[in-house]
Amino acid sequence: PSVSGNIINDMKLIGTVSGAHKKIAVLTMPDGRALKFEENEFVTDTFQVLEIYETFIVVRVDSQDEYEVFMSGQISPREGN
């Protein structure tokens with residue numbers, strides 16, 4: 001396990017839904033609950049979903065660092081961040 005798991009509080013991206021007017025990311029919590037979030041929505045006070053794509057989402061942590069979170073579990077710092 002990498003330290004990057006802590007970046008999003010051990011949550012995991014399990015799906016994305018793209019509709020006509022909004023996109024939704026589905027994340028599982030460490031306790032097993034699945035919650036849905038829209039673009040620009042805050043998951044916690046310091047963790048925000050910025051953009052949602054088919055296989056990954058872009059998140060912002062602590063209002064500064066941006067990461068790409070993939071359904072595979074991979075988390076990468078966003079290029080040009």
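Just the heavy atoms: all of them, side chains too, but no hydrogens, waters or symmetry mates, feed the values below. Predicted model only: the values in this text are computed from it and were never measured. The first residue of the sequence shown is numbered 1, and numbering continues consecutively from there.
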Query raised in the report: Just how far is it from atom CD of E38 to atom NZ of K22, taken to the nearest 0.5 Å?
Result: 4.0 Å
Requested in this report: Give the minimum heavy-atom separation between A25 and I52, together with the two atoms involved.
Outcome: N-CD1, 3.4 Å
Query raised in the report: Taking all atoms of both residues into account, what is the closest heavy-atom pair of F37 and L35, and its distance?
Result: CE1-CB, 3.7 Å
Report summary line: For F47 and L27, the nearest pair of non-hydrogen atoms, with its separation, is CE2-CD1, 4.3 Å
Report summary line: Sorted by chain and residue number, the side chain to side chain donor-acceptor pair (under 3.5 Å) partners of E41 (sequence neighbours excluded) come out as none
Report task. Treat each ILVMFWY residue as a node, draw an edge where side-chain heavy atoms are under 4.5 Å apart, and state whether V61 and V49 are in one component. Result -> yes
Query raised in the report: Are L50 and E66 close enough that some pair of their side-chain heavy atoms sits under 4.5 Å apart?
Result: yes
Query - Side-chain heavy-atom pair V43, M11 within 4.5 angstrom cut-off - result: yes
Query raised in the report: Can Y53 be reached from I14 by stepping across I, L, V, M, F, W or Y side chains whose heavy atoms are under 4.5 Å apart?
Result: no
Requested in this report: Check whether more than 12 heavy atoms from other residues, nucleotides or ligands sit under 6.0 Å from atom CG of D62, and answer yes or no.
Outcome: yes
**Report entry** Path from V26 to M29 over hydrophobic side-chain contacts below 4.5 Å
**Finding:** no
**Report entry** Atom pair OG1/CE of T55 and M71 - distance to nearest 0.5 Å
**Finding:** 6.0 Å
Report summary line: Taken to the nearest 0.5 Å, the spacing of Q74 CD from Y67 OH works out to 13.5 Å
Query - Spacing of R60 atom CZ and E51 atom CD [to the nearest 0.5 Å] - result: 9.5 Å
Query raised in the report: Where the side chain of E68 meets the backbone of S76, is there a donor-acceptor pair that is under 3.5 Å apart?
Result: no
Query raised in the report: Mind checking whether V17 and K23 have side chains closer than 4.5 Å, heavy atoms only?
Result: no
Query raised in the report: Any side-chain heavy atom of L13 within less than 4.5 Å of one from F70?
Result: no
